Asker: 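Would you mind keeping the following structure in view while I ask a few things?
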Amino acid sequence: MSVDSISRERWGIVGGGMLGMTLAYRLAQQGRDVTLFEAADHCGGLASAWSLGDVVWDRHYHVILRSDRFLRSLLGELDLEKEIRWTTTKTGFFTEGHLHSLSNAWEFLRFPALNLWDKTRLAVTILHAAHLKDWQGLEHIRVDEWLRRWSGKRATEKIWIPLLRAKLSENYTKASAAFIWAIIQRMYGARRSTRRVEEFGYVPGGYARILDRFATALVEAGVRVRPRSRVKQLRALNGGVRVALDDGHVEMVDRCIVTAAAPQAERLCEGLNQDERARMRGITYQGVVCASLLLKQPLSEFYITNITDSNIPFTAVIEMSALVDRSLLNGKTLVYLPKYVVPDSPWFEKDEAEIRECFFEGIKKIHPSFGPEQVEAFRVSRVRYVLPISTLGYSEGVPNKKSSVPGLYIVNSAHILNGTLNVNETVQLAEQSIKEMLSAGQAVSIENAGYEIKKTLRQSVA
Ligand SMILES: Cc1cc2nc3c(=O)[nH]c(=O)nc-3n(C[C@H](O)[C@H](O)[C@H](O)COP(=O)(O)OP(=O)(O)OC[C@H]3O[C@@H](n4cnc5c(N)ncnc54)[C@H](O)[C@@H]3O)c2cc1C
């Protein structure tokens, strides 16, 4: 294969989330002929935006951290990095029926739910995890076991387990200590780069603006962006990959990368071997039912309120307008109420009215002055496969990115091994994967080129 034919290689990318978009962008910049297939009518996936009343903002809450090196670099290429607005935020904690501010060390010392000894052990746990490098060692210890060892029984039962349950529901019993390690690393790393204050950033216009600019950059780089193109089946054919869409349309590419979640990717790809299928089925996912509310007035001063009370039906309260300038939200308050659930949870079948009633009761328990008359708009997003949980021995069970089907790669958030799910990790995964795929491709073509040269020499000698 000559250098010319490498550069004309046709690549298909299935999934136009931030991962698929970054992969497509880099491949096109390297001269490949790229088509991006996205099932929805717009790109962005989990990071996409929607309309809530008269406001357009992210469907799921998104913040940028100062330590988000890969994302910030990409935003720099899109000429948006310099527009990021950074805000110091406050954190609330709702426990045992009371809302507390937990935004600094002094408030932590006064926090009544734990005694001084428990607080010391909690602080030591966080410091220990923040400085620990061997995350692979943590993959073999259950998260609750590890937390009991470091924080003691009381702090674990009162704080850690309710927080783990809120994020992972009963799946928390399957998670390894690497799960909490990754969260602490991200949050501690962010504080380290901001002189120990909690500071988050956003681009004015939110992800709608980022995705709009990114989509333009893709088109300018030569990527064919194909929204409303749900891929139904992928299989190897005549040295390439046959891409069949739901609408009956068929296309041939030389190589294809699937970025959909493992259970979806497994259904699409024909010809995977037993081991690959078992590895993909072995990944435990957590889904989310996430309500967005547009309110006439603020609920609190906190960007995030963590919740340990099990009678509150959602995981946390995220008050986006405590971070984002309210003038960008038409003067309104934007609140998210995420509930993390297993993919087959009955919560996915509940209609919006039922969720609304249940969530409103929950807000009232935290903020007694809240009433439905304050709500201008309410919408619910439901996604079954969001977060691959770092279970015991996780990294040993992850399938290879390069599948056994020639020309077919499967890369998704399950390949984020030592980090939490966030756009920075997603962009980093794309950059890393492109390097691996292209260098492997070059090696193959150099081998082929060597064979061609030898063949030509033999022919000319003969
Ligand atoms: C509630 C919530 C809060 C978050 N908060 C933050 C945050 O504060 N900061 C942060 O950095 N990150 C945050 N994230 C994480 C961030 O959204 C993800 O890391 C990122 O969007 C993942 O991108 P992806 O492309 O890997 O996956 P996805 O966004 O899931 O993209 C996959 C795409 O594939 C498409 N697809 C699937 N099947 C097919 C098919 N058969 N054919 C064609 N297309 C298909 C889907 O439609 C989708 O667009 C949050 C996520 C959630 C859910």
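Each ligand, and each atom within it, is numbered from 1 in the order the structure gives. Bear in mind the structure is a predicted one, so any value in this text is a computation, not a measurement.
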Asker: side-chain hydrogen bond (donor to acceptor under 3.5 Å, both in side chains) with Ser310: which residues, sequence neighbours excluded?
Answerer: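 Result, side-chain hydrogen bond (donor to acceptor under 3.5 Å, both in side chains) vs Ser310: none returned.
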Asker: Do you see a donor-acceptor pair shorter than 3.5 Å between the side chains of Arg10 and Thr35?
Answerer: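 Short answer, no.
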Asker: Could you list each nitrogen or oxygen of ligand 1 that sits under 3.5 Å from a protein nitrogen or oxygen, with the atom names and the distance?
Answerer:
from     : atom 1 : to     : atom 2 : distance (Å)
ligand 1 : 5 (N)  : Tyr61  : O      : 2.7
ligand 1 : 8 (O)  : Val63  : N      : 2.9
ligand 1 : 9 (N)  : Val63  : O      : 3.1
ligand 1 : 11 (O) : Val423 : N      : 2.8
ligand 1 : 12 (N) : Val423 : N      : 3.3
ligand 1 : 14 (N) : His62  : NE2    : 3.3
ligand 1 : 17 (O) : His62  : NE2    : 2.7
ligand 1 : 19 (O) : Asn422 : O      : 3.4
ligand 1 : 19 (O) : Thr426 : OG1    : 3.0
ligand 1 : 25 (O) : Met18  : N      : 3.2
ligand 1 : 25 (O) : Leu19  : N      : 3.0
ligand 1 : 29 (O) : Leu46  : N      : 2.7
ligand 1 : 41 (N) : Val231 : O      : 3.0
ligand 1 : 42 (N) : Val231 : N      : 3.0
ligand 1 : 44 (N) : Ala39  : N      : 3.1
ligand 1 : 47 (O) : Glu38  : OE2    : 2.6
ligand 1 : 49 (O) : Glu38  : OE1    : 2.6
ligand 1 : 49 (O) : Glu38  : OE2    : 3.1

Asker: Are Tyr25 and Phe214, when compared by the centres of their aromatic rings, separated by less than 6.0 Å?
Answerer: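 When the ring centroids of Tyr25 and Phe214 are compared, they turn out to be within the sub-6.0 Å range.
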Asker: Please check: side-chain N/O of Tyr394 versus main-chain N/O of Ala414, any donor-acceptor pairing under 3.5 Å?
Answerer: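 Confirmed, Tyr394 side chain pairs with Ala414 backbone.
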Asker: So, do Tyr188 and His131 have ring centers that fall under 6.0 Å from each other?
Answerer: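 When the ring centroids of Tyr188 and His131 are compared, they turn out to be within the sub-6.0 Å range.
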Asker: Ring centroids only, cut at 6.0 angstrom: are Phe179 and Tyr172 within range, meaning strictly under it?
Answerer: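 That pair fails the under 6.0 Å test.
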